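If you're wondering where the values come from, they're calculated on a predicted model, not measured in any experiment. To find a chain, count down the sequence lines: A is the first, B the second, and so on, and within it residues start at 1.
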2 protein chains.
Amino acid sequence: MNTDIGRGSDAKKPRKQQKRSVVTQQKLLSAAVEAFSEGGFKGTSTRDIADRAGVHHPLITYHFKNKDMLWRAAVTAIFREFNIALVKSLAEFENSAPRQRAEVFVRTYVKYAHQQPALHKIILQEASHPSERLDWLIDSHLRPLFEPVEASLEELQRIGVAPPGNPALLFQMIRGCAGGLLALAPEIKTTTGIDFDEPEALDELADMIISVFFSGNHRAVSAATAESGQQSTTQ
Amino acid sequence: MNTDIGRGSDAKKPRKQQKRSVVTQQKLLSAAVEAFSEGGFKGTSTRDIADRAGVHHPLITYHFKNKDMLWRAAVTAIFREFNIALVKSLAEFENSAPRQRAEVFVRTYVKYAHQQPALHKIILQEASHPSERLDWLIDSHLRPLFEPVEASLEELQRIGVAPPGNPALLFQMIRGCAGGLLALAPEIKTTTGIDFDEPEALDELADMIISVFFSGNHRAVSAATAESGQQSTTQ
DNA sequence: CGGCAAATTCTCCACTTTGGTCCAATTTTT
DNA sequence: AAAAATTGGACCAAAGTGGAGAATTTGCCG
């Protein structure tokens, strides 16, 4: 039995993992991501996943131990992709002006949230009520992503680019507008006609997020409670 | 077999519905709302619902025909509550200034979204990928709610209170920040420490939404494309 | 290059859950 | 009290679950 993906070296000679096995693992992982994002954890059967992957279902047990571990592996895989893309794209602008960094961040976030809608779908599926899976998700992937972002946000508030108030709350709002809306693309397309598969629509979303959250005409203090629109021509 | 809740009068003497039956229907409906909001449609079993309601599971078939119809009945019930509360509370301010109307709307929306988190949870569960249920949800409940709101939003844009851009998109963003965040309360509580069960947190959310989306310093034109923060001291 | 052991896949099974039906028993309404 | 409305219990077919082993590849050794 394997379970481990990053295969460590502990026993004397744990023979190399066969190539075909990483293929089936990959197939299972992407099938799982897709299936879970549609039906949620409870609503998705391992057989359905195996079928989508074109693989016999006992292989799930063999490669991932059980449904729960498969879910975690799938989530980890998709988050890794997302984070890598985000961090890499952000590194280029590390020493740009804070305001531009924010703008780049939003655009990048929107771009990848659209490329990989399953990520936010899965979050939405899990995050609405407490569970062990949610705790795990938060500890393993959400918090590590949030903390640095919130720190940057606080800086933006200090210089008056972002509106005052609880930075964590502010970030959640931005995330809701970006990832949340993109995850709900099917509904939004039907109700409003906006099709995020068209690049212009995606740009419009990013533009609006930036203009709404980072318009930059806020008093450059962080202590002030948000009350009404106050401006000070920081620009 | 009953099926119909609003019982019409077509046959000669369709004897009155018994009192105990409306009780079990009610119990089933609220159990269904709760269960579906947690597990989604596929992830919730009719037996689970019956158990929560303290009722024998074949009664679901008797009262609602099948799982799908039960889901629709539950969604309808919860939307009706929500809409009634929203409309009633809004009617009081019908001839206040547009800006105040917007403010009241946001606060009311946040308030009821918090009171009835199941509503937005169910939307999140269903809206992330196409399905017959989603189409039905949109036609029956979402669109009727959205259309008048978008109209008001356009007015707010015209007078410069709301930022320019596609009003439908703007509304979706606001909805994401209000209902979306409230539906994800468990996650947000763990990641950020913000507990929306505390009234102050709820107020802070409403305040921030208002200050971000209705700060009121936008050029009073609707044709302009959102590009960057522009202000014109409309106040 | 041949063979052996480990790694991987396939076949089959035992068990539970699920949505739904059927009909007898039990209230209610009239 | 009769008839309709409602409920309870037993039952079904289909689908879901994890798992045990046999069968088959594949990598590694000489």
Side-chain angles (χ1 to χ4, degrees), chain A residues 1-29 31-32 35-36 38-71 73, chain B residues 1-29 31-32 35-36 38-74 132-133:
Chain A
M1 207 174 282
N2 184 353
T3 297
D4 192 336
I5 300 177
R7 181 65 68 88
S9 56
D10 33 299
K12 36 193 166 188
K13 277 194 173 185
R15 191 194 271 188
K16 193 169 77 175
Q17 183 188 29
Q18 297 183 7
K19 265 174 279 173
R20 58 176 176 163
S21 102
V22 319
V23 173
T24 61
Q25 284 185 352
Q26 224 52 49
K27 284 194 288 188
L28 278 172
L29 282 178
F36 282 133
E38 290 177 10
F41 182 80
K42 279 208 307 180
T44 302
S45 77
T46 56
R47 252 135 174 128
D48 179 21
I49 296 174
D51 284 350
R52 291 182 194 235
V55 147
H56 286 251
H57 89 270
L59 289 182
I60 288 179
T61 310
Y62 177 69
H63 284 290
F64 299 97
K65 174 80 179 167
N66 58 31
K67 188 180 173 181
D68 207 84
M69 290 301 168
L70 172 58
W71 184 84
Chain B
M1 204 175 283
N2 185 351
T3 297
D4 193 336
I5 300 180
R7 181 65 68 88
S9 57
D10 33 298
K12 35 196 166 187
K13 277 192 172 186
R15 192 192 270 188
K16 193 168 77 175
Q17 183 189 29
Q18 297 183 7
K19 264 175 277 173
R20 60 177 175 166
S21 102
V22 318
V23 173
T24 60
Q25 284 185 351
Q26 224 51 51
K27 284 194 288 188
L28 278 172
L29 282 178
F36 282 132
E38 290 176 10
F41 182 81
K42 279 209 307 180
T44 302
S45 76
T46 55
R47 270 163 164 97
D48 179 21
I49 296 173
D51 285 350
R52 292 183 195 233
V55 147
H56 287 254
H57 90 270
L59 289 182
I60 288 178
T61 309
Y62 177 71
H63 285 288
F64 299 96
K65 173 81 177 166
N66 59 30
K67 188 182 175 182
D68 207 83
M69 290 303 169
L70 172 59
W71 183 85
R72 296 189 188 198
E132 269 190 39
R133 275 192 305 287

Parallel, tilted or perpendicular: ring planes of B/Trp71 versus B/Phe36, cut at 30 and 60 degrees: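 Perpendicular: the ring planes of B/Trp71 and B/Phe36 meet at over 60°.
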Could you check how far [atom1] of [X] sits from [atom2] of [N], rounded to whole Å?
X	N	atom1	atom2	answer
A/Ile49	D/dA15	CD1	P	18 Å
B/Ile60	C/dG20	CD1	P	9 Å
A/Lys27	C/dT8	NZ	P	14 Å
A/Leu59	C/dT11	CG	C1'	12 Å
B/Phe36	C/dT18	CZ	P	12 Å
B/Lys65	D/dT6	NZ	C1'	18 Å
B/Gln25	D/dT6	CD	P	8 Å
B/Lys19	D/dT7	NZ	C1'	17 Å

Minimal non-hydrogen separation, [X] against [Y], with atom names:
X	Y	result
A/Ala35	A/Thr44	O-OG1, 3.3 Å
A/Ile60	A/Thr46	CD1-O, 3.4 Å
A/Ala31	A/Arg52	CB-CB, 3.8 Å

Is [X] close enough to [N] that one of its side-chain N or O atoms is under 4.0 Å from OP1 or OP2 there?
X	N	value
B/Ser45	C/dT18	yes
A/Ser21	C/dA7	no
B/His63	D/dT7	yes
B/Thr46	C/dG19	yes

Is it true that B/Asp51 and B/Arg47 make a salt bridge, defined as a side-chain N closer than 4.0 Å to a carboxylate O?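 Salt bridge flag = no for B/Arg47 with B/Asp51.
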Looking for any heavy atom pair under 4.0 Å, which part of the strands does A/Asp48 touch: base, sugar-phosphate only, or nothing?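 Result for A/Asp48 = nothing.
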Nearest listed nucleotide, side chain of [X], among [options]:
X	options	answer
A/His56	D/dG18, C/dC10, C/dG20	C/dC10
B/Tyr62	D/dA5, D/dG9, C/dT29	D/dA5
B/Arg47	C/dG20, C/dT11, C/dT27	C/dG20

Between B/Arg20 and B/Lys42, which has a closest nucleotide on DNA chain C that is more 5'?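 Its nearest nucleotide being more 5', the pick is B/Lys42.
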Most 5' of A/Pro58 and B/Phe41 on DNA chain C, judged by nearest nucleotide: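 Between the two, 5'-proximity favours A/Pro58.
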Let me know, please, whether B/His57 or B/Val22 comes out on the 5' side of the other along DNA chain D by nearest nucleotide.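 Nearest nucleotide further toward 5': that of B/Val22.
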